[in-house]
Amino acid sequence: MNTSFSRRLINTPCLIWSAIFIVVPLFIVLYYTFSDGNGGFTLQNIYELRLYKDVFVTSVIYALIATLICLILSYPFSYFLTKISVNSQKMTILLVMLPMWMNLLIKTYSWTVILDNNGVLNRILNLLGFESVKFMGTPAAVILGMVYDFIPYMILPIYTTISKIDNSLLEAASDLGSNAFSKLRRVVLPLSIPGVLSGITMVFVPSISTFYISQKLGNGMILLVGDIIETQFKIPNYPLGAAMSLVLMIFIIISIAVMNKFGDTDKGGIMI
Amino acid sequence: MIGENIVELKNISVSFDGEQILNGLNLDIKDKEFITFLGPSGCGKTTTLRLIAGFLEPDEGDIIFENQRINDVPAYKRQVNTIFQRYALFPHLNVYENIAFGLRVKKMKDKEIKEKVEEMLELVNLKGLGNRSIDTLSGGQQQRVAIARAIANRPKVLLLDEPLAALDLKLRKDMQKELKKIQQQLGITFVFVTHDQEEALTMSDRVIVMDDGKIQQIGTPQDIYNEPKNAFVADFIGESNILDGKMLKDFYVEFSGNKFDCLDKGFEKNELVDVVVRPEDVDIVPEDKGQLTGIVTSVAFLGVHYEIIVDIGGFKWMIQTTDEHFVDDKVGLYIEPDAIHIMKKSEYSGLYGDYSTYSEEMYEMNEINELAEEEAQ
Ligand SMILES: Nc1ncnc2c1ncn2[C@@H]1O[C@H](COP(=O)(O)OP(=O)(O)OP(=O)(O)O)[C@@H](O)[C@H]1O
Ligand SMILES: [Mg+2]
């Protein structure tokens with residue numbers, strides 16, 4: 001009884017916190033989704049979402065591409081990182097984490113300075129005798145922004161799982177005849193899957209819901225779910241905005257569930 | 001059956017961070033023998049195995065395998081397999097796939113792999129457990145998987161780094177027998193590491209006693225026990241009374257204030273030597289019949305025999321006997337010539353005293369344990 005009381009005491013703030021910051025907002029979203037604006041129940045908002053199907057599809061594609069690029073860049077980077085001296089590893093990880101502590105808006109805004117028609121990159125091109133290239137407003141610029149902003153969330157879990165692999169397992173693999181490539185394929189890759197899965201989730205989720213990156217680097221030419229949700233709340237059309245948010249949220253929850261089913265996350269990955 | 005040299009270490013030196021770990025090591029390992037490294041923690045046993053396996057390159061010296069220098073051959077190309085101290089089984093693979101690992105790397109056909117793995121499972125008594133995941137196995141079963149995984153590749157040399165250290169006594173005894181059986185059955189050279197001297201003596205064809213990065217003695221278990229080369233070996237293997245003595249002439253030695261016949265020769269006249277007498281080789285006789293006389297200062301009953309400490313002129317001897325004696329008894333000691341072993345003086349001379357602290361050590365250890373228990377409460 002004593003322990004259960006103290007446990008309740010510890011849990012109480014946590015419960016209150018969850019109630020205020022998670023459950024209440026969820027109910028507000030639910031309420032608006034099914035409200036006609038005058039307090040009545042309606043499915044109209046959900047029905048209206050069909051008009052925005054393309055935006056949803058575009059968002060998924062952009063998020064998938066950004067996630068894939070992050071993965072392709074992060075895996076070799078993390079793998080070779082674990083091969084260098086421990087001190088250099090710590091230093092590099094610090095550098096990887098540094099941008100995470102910087103505001104997302106500022107980071108994204110800096111890219112406009114680089115990619116603008118009169119930006120740093122084009123000036124360099126001009127100096128070298130090339131024509132200016134229009135970067136801003138292209139899908140590539142948006143993807144670049146996503147990759148740049150979110151790649152640390154891919155590197156960290158992958159690096160963590162790879163560096164936690166017991167060195168004696170790698171020695172055992174060599175001992176049993178594996179060269180470097182076969183060690184990577186038969187031991188490192190399978191054992192780092194939990195890290196890869198959490199990396200994918202941690203990049204995919206913010207990529208699919210971002211709106212600032214597409215606005216700034218997409219010059220408003222590229223519409224993502226985040227953008228249209230923002231628009232609805234600015235108009236303001238709360239019920240439609242809430243319906244969009246709800247659908248996006250359900251989609252994200254399903255993706256995370258699928259990811260977690262792929263690998264047991266308790267074997268080294270970071271679960272969110 | 002034991003054949004030519006299969007592995008030779010020639011003048012090997014290794015240092016880490018400027019600290020010399022192995023120091024001019026020379027060793028021949030013969031084909032099909034069971035050879036054991038025995039030595040205290042940190043003496044360089046694992047380091048030596050890692051050299052042979054290819055995980056470490058020596059600063060100096062050559063590693064020879066079947067008459068070829070293999071210093072530059074990477075681990076994965078060596079015909080040597082290792083059983084690691086903590087097994088290092090692959091957690092993402094089941095028992096079957098762990099054992100099949102080396103065969104898959106060699107691109108063997110599935111059918112052959114299956115036959116081979118089944119054969120290995122049978123050999124190590126794990127039939128039917130192929131589909132189990134590693135973390136559902138007991139320590140002893142994991143040990144067997146590690147053995148099967150290593151020998152599935154039919155290495156010419158198997159390196160075993162304290163493979164039984166984590167097992168309880170009973171299981172360890174069983175595994176000792178099984179390993180020995182497997183070794184004889186397959187005709188593979190076993191290079192075994194342990195710091196359990198009994199294990200080394202019962203299992204090995206030859207034992208290598210190491211200390212401080214140097215080989216102190218190589219020999220059969222009988223040689224090592226009966227003819228230790230120096231005070232370190234005598235003290236490390238079994239119990240020993242180690243005394244200062246003087247070799248008066250061949251077959252005649254003086255120690256503890258008396259003169260004894262012995263079987264050793266080849267020393268200078270009056271050369272100072274270390275004399276070893278094993279506790280079980282001393283006979284306790286009535287006081288007037290002894291070559292030496294003393295007073296019993298402690299008696300401990302250990303089941304098979306008594307362990308008795310006798311004070312002889314200030315030097316405490318340990319004697320193991322099946323006869324009961326009592327503290328403060330005056331007794332005589334009688335030592336047969338073949339119970340006396342003479343060693344040259346070495347850097348270890350004088351480091352190992354008599355048994356005067358023996359019972360006190362036990363007493364202190366008990367006290368420490370009691371203190372720890374009290375604190376835990
Ligand atoms: N990679 C390394 N870097 C620095 N020192 C090392 C390294 N490997 C081993 N040593 C040192 O070398 C010495 C011998 O180590 P080794 O592992 O060979 O001992 P061992 O005889 O196997 O001991 P144990 O019975 O405890 O396993 C130790 O002092 C150890 O600290
Ligand atoms: Mg060791």
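Everything numeric in this text was worked out from a predicted model, so none of it was measured. For the numbers below, each heavy atom of this structure counts, side chains included, while hydrogens, waters and symmetry mates do not. Naming: A, B, ... by sequence-line order, numbering from 1 per chain.
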Please indicate whether B:K111 has more than 12 foreign heavy atoms, meaning atoms of other residues, nucleotides or ligands, lying under 6.0 Å from its NZ. no

Straight-line distance of A:L191 CG to B:L93 CG, nearest 0.5 Å: 8.0 Å

Does atom NZ of B:K114 have more than 12 heavy-atom neighbours from other groups under 6.0 Å away? no

If you round to the nearest 0.5 Å, how far is CG of A:N167 from CZ of B:F55? 9.0 Å

Is it the case that atom CE in A:M91 sees more than 12 heavy atoms from other parts of the structure closer than 6.0 Å? no

Please answer whether the main-chain N or O of A:S192 pairs with a side-chain N or O of B:H92 as donor and acceptor at a distance below 3.5 Å. no

Top of B:T82, B:V80, B:N153 for chain A proximity - count of heavy-atom pairs under 4.5 angstrom: B:T82

Shortest non-hydrogen separation from A:A172 to B:A88 and the atoms involved: CB-O, 3.9 Å

Can you tell me if B:Q185 has over 12 outside heavy atoms packed within less than 6.0 Å of its CD? yes

Only pairs of heavy atoms separated by less than 4.5 Å count here; which of B:R86, B:Q85, B:R78, B:R104 has the most with chain A? B:R104

Contacting region of B:L103 [heavy-atom separation from chain A under 4.5 Å]: neither

Rounded distance [0.5 Å steps], NZ in B:K77 versus OG in A:S174: 12.5 Å

Note: B:V105 and A:S178 closest approach over all heavy atoms is CG2-OG, 3.5 Å

Run B:F84 and A:D166 through side-chain contact (heavy atoms from CB on, under 4.5 Å) and show every step you take. CA-CA 12 Å; B:F84 293 84; A:D166 189 349; over 6 Å; no

Is there a donor-acceptor pair under 3.5 Å between the side chain of A:D175 and the backbone N or O of B:A75? no

Of the backbone (N, CA, C, O) and the side chain (C-beta and beyond), which part of A:S182 lies under 4.5 Å from a heavy atom of chain B, both, or neither? side chain

Is there a side-chain contact between B:P91 and A:L169 (heavy atoms, below 4.5 Å)? yes

